[in-house]
2 protein chains.
Amino acid sequence: MAETAREEVLKQSLIFSSLNDRELAELTRFTIERHFKPEEFIFWEGDTADYFYIIIEGRIKVIKYSSSGKGFIIAFFGVGEMFGEVAVFEDKSYPASAQTVVDTRILGIKKEHFLSFLGNHPPVALSIISVLGGRLRDAQSRLKDMVGERVEQRLARTMLMLASKMGPTLPFTRQELADMSGTTTESAIRVTSRLKERGIIKTVRGKITILDETKLTLLSEGPPLI
Amino acid sequence: MAETAREEVLKQSLIFSSLNDRELAELTRFTIERHFKPEEFIFWEGDTADYFYIIIEGRIKVIKYSSSGKGFIIAFFGVGEMFGEVAVFEDKSYPASAQTVVDTRILGIKKEHFLSFLGNHPPVALSIISVLGGRLRDAQSRLKDMVGERVEQRLARTMLMLASKMGPTLPFTRQELADMSGTTTESAIRVTSRLKERGIIKTVRGKITILDETKLTLLSEGPPLI
DNA sequence: CGCCTATTTGAAAACCGTCAAAGTATGTGG
DNA sequence: CCACATACTTTGACGGTTTTCAAATAGGCG
């Protein structure tokens with residue numbers, strides 16, 4: 001029962017969709033399941049990277065802390081997505097910390113097991129390349145967005161990026177939005193307030209809904225809202 | 001002769017080191033060679049991504065332009081390194097532009113050829129995963145560095161990152177350094193002038209040499225130079 | 001020697017972060 | 001069901017950092 005559930009999740013995740021039932025069963029044997037409460041840390045930056053993970057249920061965020069202690073949210077991941085993979089493929093410690101957002105169940109696969117499995121299943125390796133390529137593209141795109149732009153534009157771009165992945169309603173607090181955009185909570189609030197007045201977004205506690213994506217896009221590349 | 005040279009370069013590049021001579025010869029048949037003068041563009045952001053490239057000789061930079069026209073240098077690549085790969089593995093257009101720095105020769109491999117070759121050579125796929133993983137790690141690390149830090153720290157980190165890849169002497173102008181750090185030429189000059197006064201770096205026109213890496217590291221994570 | 005590019009410097013203004021204080025949902029325990 | 005605790009949101013004022021604009025100097029190459 002639990003096993004079946006695991007296989008179901010693996011099958012539906014992007015990177016393992018090419019596997020048949022026998023191969024999935026083989027892979028499943030290598031997995032261990034772990035459960036976390038909200039806000040718990042799965043691993044910390046610098047920890048030895050033994051496992052690579054797939055989310056069965058819940059949502060996690062990947063964070064890097066600067067020397068001043070301020071956190072920067074690199075990414076959010078949901079069901080079927082992998083995380084902790086960069087370290088595993090490079091034989092280094094985790095380059096960032098992973099923290100749950102809600103109750104979360106994950107599947108872990110030991111590094112060695114996964115690497116040998118990969119060597120025997122080229123389609124999976126190609127999927128991983130594709131996923132890593134997409135993430136690299138995202139990271140580089142954000143890199144460009146985060147420098148040399150005003151806070152208003154950075155926030156607009158972060159919201160648009162999130163909306164393209166999860167729809168117009170974004171389940172984030174202003175603080176999380178700020179941490180994803182490299183700014184402060186107060187600045188995020190000031191900007192979103194202005195956007196709300198203009199009818200470009202709608203906000204509820206802990207949620208932001210984009211009403212006018214066109215205007216938001218204009219704003220993200222154009223002059224500031226006066 | 002030319003063929004042999006190509007195979008030599010491929011053999012020495014990180015991602016193809018696992019191949020034997022027969023496989024290298026097979027791969028070489030798929031390659032075309034192109035030559036560029038300094039400052040020429042190999043491809044532009046948005047171009048259809050048909051080819052993936054390896055550098056035989058010279059150096060290139062990968063740039064993304066923001067809406068205001070300001071360029072941000074994502075990376076520099078040298079002999080044996082690949083570029084243009086993200087787009088190829090994702091079936092999209094190039095996400096950034098590639099421009100030569102000096103006279104440069106490159107090998108191009110058609111997307112379809114390369115993908116099918118990859119499917120038949122798992123070790124190469126694993127190498128690519130490793131390279132992409134490293135680049136992803138770098139990009140995410142820079143992402144953290146670029147936000148929430150002062151310009152002085154951003155510049156220090158950029159210089160240290162470059163030095164770790166190419167030694168203490170960095171062949172870049174202040175403007176390039178600024179473009180890599182998300183700041184302006186003037187700010188880069190003001191900061192490097194202070195560093196020069198302190199004996200931490202030495203500068204010549206178009207070049208910066210790091211003299212005291214320890215102090216620079218301290219500066220990159222600590223308080224500002226007063 | 002002259003041109004082009006890189007480097008330098010100064011002053012003013014814009015932008016954003018910090019600090020402080022208060023208002024407002026959400027949930028919990030009594 | 002109410003009171004209270006907690007976290008999220010809001011607003012204002014101030015100060016520091018960085019950009020912008022303008023102008024001048026200097027190094028390298030033909």
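Below, each value reflects all heavy atoms present in this structure, side chains not excepted, and no hydrogens, waters or symmetry copies. Everything numeric in this text was worked out from a predicted model, so none of it was measured. Residue numbers start from 1 in every chain, and the chains themselves are labelled A, B, ... in the order their sequence lines are given, proteins ahead of strands.
Using a 4.0 Å heavy-atom criterion, one finds that B:Arg205 contacts the bases of the nucleic acid, with or without backbone contacts as well. Using a 4.0 Å heavy-atom distance criterion, B:Lys207 is classed as making no nucleic acid contact.
If you take CG of A:Leu155 and C1' of C:dG17, they are 14 Å apart, rounded to a whole angstrom. Rounded to an integer number of Å, the gap from A:Glu149 CD to C:dA14 C1' is 16 Å. The CD-C1' distance, from B:Glu152 to D:dG16, rounds to 14 Å in whole Å. In this structure, the CD1 atom of B:Ile208 is 16 Å from the C1' atom of D:dG27, given to the nearest Å. Between A:Arg154 atom CZ and D:dT18 atom C1' the separation is 13 Å, expressed in whole Å.
Side-chain proximity of A:Thr173 to C:dG17, D:dT9, D:dT17: nearest is D:dT9. Listed nucleotides C:dA11, C:dC16, C:dT18 differ in distance to A:Arg190; the shortest reach to its side chain belongs to C:dT18.
Put simply, A:Thr183 has a side-chain N or O that comes within less than 4.0 Å of OP1 or OP2 on C:dG17. A sub-4.0 Å separation between OP1 or OP2 of D:dT10 and a side-chain N or O of A:Arg174 is present. Regarding contacts with the backbone of C:dG17, every side-chain N or O of A:Lys70 stays at 4.0 angstrom or more from both OP1 and OP2. Contact annotation: A:Ser187 side-chain N/O to C:dG17 OP1/OP2 distance is under 4.0 Å.
Comparing A:Glu186 and B:Phe172 by the nucleotide of DNA chain C that holds the closest heavy atom to each, the one mapping nearer the 5' end is B:Phe172.
Here B:Phe76 and B:Phe172 bring their ring centres to under 6.0 angstrom of each other.
Residues A:Leu195 and A:Ile208 have side chains not in contact (no heavy-atom distance under 4.5 Å, counting atoms from C-beta outward).
For B:Tyr53 and B:Arg34, the side-chain atoms include at least one donor-acceptor pair closer than 3.5 Å.
Between A:Met161 and A:Ser164, the shortest heavy-atom distance links the atoms O-OG, 2.7 Å.
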